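Let me begin by presenting the structure, written as structure tokens, before commenting on it.
Not measured: the values here are computed from a predicted model. Below, each value reflects all heavy atoms present in this structure, side chains not excepted, and no hydrogens, waters or symmetry copies.
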Amino acid sequence: MSLTLPSDFTLRESTRKFIDSGPKQLLINGAWVPALDGQTFSTVNPANGEELAQVALAGVEDVARAVHAARAAFEMGPWSQMSGAERGEYLWRLADLIDQHADELAELETLDNGKPLRVSRRGDLPAASKHFRYYAGWASKLEGSTIPVSIPNQFVYTLREPAGVVALIIPWNFPLLMAAWKLAPALACGNTAILKPAEETPLTALRLGELVLEAGFPDGVINILTGPGEPTGAAMAANMGVDKVAFTGSTETGRKILRAAADSNLKKVSLELGGKSPNVIFADANIESAIKGANWAIFSTAGQECVAGSRLFIERPVYEQVLDGLRQQAERIRVGSGFTPKVHIGPIVSAAQLERVMGYIEGGREQADLVTGGQRLGGDLAEGYFIQPTIFAHQKDDLPLVKDEIFGPVAAVTAFDSMEELVARANSTAYGLAAGVWTQNLSKAHRFAQAVKAGTVWINGYGMFDAAAPFGGYKESGFGREMGKEALDLYTRVKSVWVSI
Ligand code: ADP
């Protein structure tokens, strides 16, 4: 495969070897296999539109094969009978292998997703291995409880058992990290898994599959299927042999998955969906750090983040000052290939997403005031999917630009006058994933944190995550909490055992 990269960047030997190793296959029952009907699709580099690899496209029958393998591994294999402590050792081994191959995995992530290499290497990669280590610890701590009941001579206890075969469907914005968010707790709890990366970014999940084999996981415990939402993802969600589906992606697809579960075997479902998160700057905030933080909250990852701080509320007395600061910051952001040193943000992930984001920008020009940005970048970036950081100022909350999740570098900025108005407007959205608030007044910060309908609130900061802190949505941002000990509920079932004594 010929790869066009910035002239001063050389890809590692191992990364190139993986790219050059031919069409990528499916991992089913511990072996790499092509799709039964031989279909493939291509994954491209969003920085220049070049094909990176041909990848197997799993059909309905491939999904059935993977479910069969995962079922056999769950019911008959050593995995679910193994002690939690031993399962934890496998997770720990996988974490070590991720760290050992972090440079290569980061390069693959940047090739496939576009994000700056520095971000892949220093952000996504260590977060992924930490996730496996965090849940390696939980594998040996899955406890039930004893229940005092009112009926005499009965001893009641609970067992926390794995859900069974779990389907893990993930998006393209943090490909390897999302795989870790889902695989680590699922495996710690003793489930067997079928992972489907997004069709835009399959490469790091596939390389992870090789590391899974190297770590010696029993066959069928981790299966990896590549392909688009239809047919691959849809077949996973509808499969009668899948006990649970965990999904991260758009609200629209979340609804389809819920319907597929309802129409098949009522499998357990958890959904981490879209967001349109409010980020609030009060007049008494440390304005300099609030501007920097708010700028990063929307523009890091080019806005391609479910928690992006895309709705900015600024208290009236500092509105002009903050808006001007945001504009200056946005204009200083360096957009370019993720392999160019000192680049802040990379491209939009695909041509389709680019078109969608530009559609919102074009519509926004007529409905709101364009403060800065608004253009697709040309010149030597013309082959890729690059958009300028874009800010709109508005006073109407029902504009598409303000209501819809754009998933691009587009901020909608508005002024507010009172806490009451702020809370009503911040909550006037179908979403409820995250929120930010910047103020030096403690009680204001906590009042807002309690009043906002969001699963995560950051005070005087934005976008922090840790494997130990639960994360998930309110309202149409989904349900179920990933990370922390809460994620154990997603991947286990509780059994009550009654003993007459
Ligand atoms: P986005 O719009 O951000 O690409 P999607 O929700 O479409 O988000 O995609 C997230 C993940 O869901 C991807 O892995 C995609 O292939 C998968 N997906 C898309 N449609 C379906 C579907 N109908 N059933 C199951 N998975 C799907």
Carefully, step by step, assess K17 and D20 under the rule salt bridge (charged side-chain N to carboxylate O under 4.0 Å, His left out).
CA-CA 5 Å; K17 209 169 121 206; D20 287 342; over 6 Å; no
In terms of the angle between their ring planes, are W181 and F465 parallel, tilted or perpendicular, with boundaries placed at 30° and 60°?
tilted
Closer than 4.0 angstrom, basic N to acidic O: yes or no for K182 and E482?
yes
Please tell me whether F416 and F282 form a close aromatic pair, meaning their ring centres lie under 6.0 Å apart.
yes
Strictly below 4.0 Å, N to O, side chains only: are R16 and E13 in salt-bridge contact?
no
Is a salt bridge present between D284 and K444, judged by a nitrogen-to-oxygen distance below 4.0 Å?
yes
More than 12 heavy atoms of other residues, nucleotides or ligands under 6.0 Å from CD of E362: yes or no?
yes
Polar contact flag, side-chain donor to acceptor under 3.5 angstrom, T15-E107
yes
Between S277 and N279, does any side-chain donor sit less than 3.5 Å from a side-chain acceptor?
no
Has K196 got a side-chain atom pairing as donor or acceptor with G227's backbone, closer than 3.5 angstrom?
yes
So for atom CZ, which belongs to R122, do other residues, nucleotides or ligands contribute more than 12 heavy atoms lying within a distance under 6.0 Å?
no
Under the side-chain hydrogen bond (donor to acceptor under 3.5 Å, both in side chains) test against K115, which residue among T301, N173, D124 passes?
D124
Under 3.5 Å, side chain of T226 to main-chain N/O of A56, donor-acceptor pair present?
yes
Could you measure the distance from the CZ atom of R133 to the CD1 atom of I98? Nearest 0.5 Å is fine.
8.5 Å
Separation between OG1 of T232 and CD of E199, rounded to the nearest 0.5 Å:
8.0 Å
Here the gap from Q25 atom CD to L225 atom CG, rounded to the nearest 0.5 Å, amounts to 13.0 Å
Approximate separation, where rounding is to 0.5 Å, of L52 CG and L108 CG:
9.0 Å
Are F386 and I345 close enough, and set up right, to give a side-chain contact (heavy atoms from CB on, under 4.5 Å), and what steps lead you there?
CA-CA 9 Å; F386 297 92; I345 63 175; over 6 Å; no
Count the heavy atoms of every other residue, nucleotide or ligand shown that sit under 6.0 Å from CD of E421, and state whether that count exceeds 12.
yes
One should read off an interatomic distance between K130 NZ and L177 CG, to the nearest 0.5 angstrom, of 11.0 Å
With D103, the salt bridge (Lys or Arg N to Asp or Glu O under 4.0 Å) member among R121, R118, R207
R121
Heavy atoms of other groups near E331 CD, more than 12 under 6.0 Å:
yes
Can you check whether T4's main-chain N or O pairs, donor with acceptor, with N48's side chain at less than 3.5 Å?
yes
Would you check, one step at a time, whether the test side-chain contact (heavy atoms from CB on, under 4.5 Å) holds for C306 with E272?
CA-CA 9 Å; C306 51; E272 199 265 90; 3.6 Å; yes
For Q395, is the CD atom crowded, meaning more than 12 foreign heavy atoms sit under 6.0 Å from it?
yes
Counting distance only, does the side-chain N/O of R376 pair as donor-acceptor with the main-chain N or O of M358 below 3.5 Å?
no
Audit row: S120, E109, side chain to side chain donor-acceptor pair (under 3.5 Å) steps and yes/no
CA-CA 7 Å; S120 302; E109 205 74 300; over 6 Å; no
Does the D62 side chain pair with the main chain of G59, one donor and one acceptor, at a distance under 3.5 Å?
yes
Measuring from atom CZ of R259 to atom OG of S264, what distance do you get when rounded to the nearest 0.5 angstrom?
13.5 Å
Please answer whether the main-chain N or O of G473 pairs with a side-chain N or O of R481 as donor and acceptor at a distance below 3.5 Å.
yes
Please check if the side chain of E50 supplies one atom and the backbone of N45 the other of a donor-acceptor pair under 3.5 Å.
no
Does the structure place the NZ or CZ of K24 under 6.0 Å from the centre of the six-membered ring of F18, at an angle of no more than 45° from the ring's axis?
yes
One pair to check against side chain to side chain donor-acceptor pair (under 3.5 Å): S129 and D99. What are the steps and the verdict?
CA-CA 7 Å; S129 58; D99 283 349; 2.6 Å; yes
Hydrogens and angles aside, do K244 and S270 bring a side-chain donor and acceptor to less than 3.5 Å of each other?
yes
Cut-off 3.5 Å, side chains only: do T429 and R311 have a donor facing an acceptor?
no
Polar side-chain atom of T43 near backbone of E200 as donor-acceptor pair, under 3.5 Å:
yes
side-chain contact (heavy atoms from CB on, under 4.5 Å) evaluation trace for K268 with V245
CA-CA 6 Å; K268 219 170 132 85; V245 56; over 6 Å; no
Looking only at atom types and distance, does a side-chain atom of Q367 sit under 3.5 Å from a main-chain N or O of L401, one as donor and one as acceptor?
no
Are the ring centres of F448 and W438 closer than 6.0 Å?
no
Checking T253 side chain against G249 main chain: does a donor-acceptor pair fall under 3.5 Å?
no
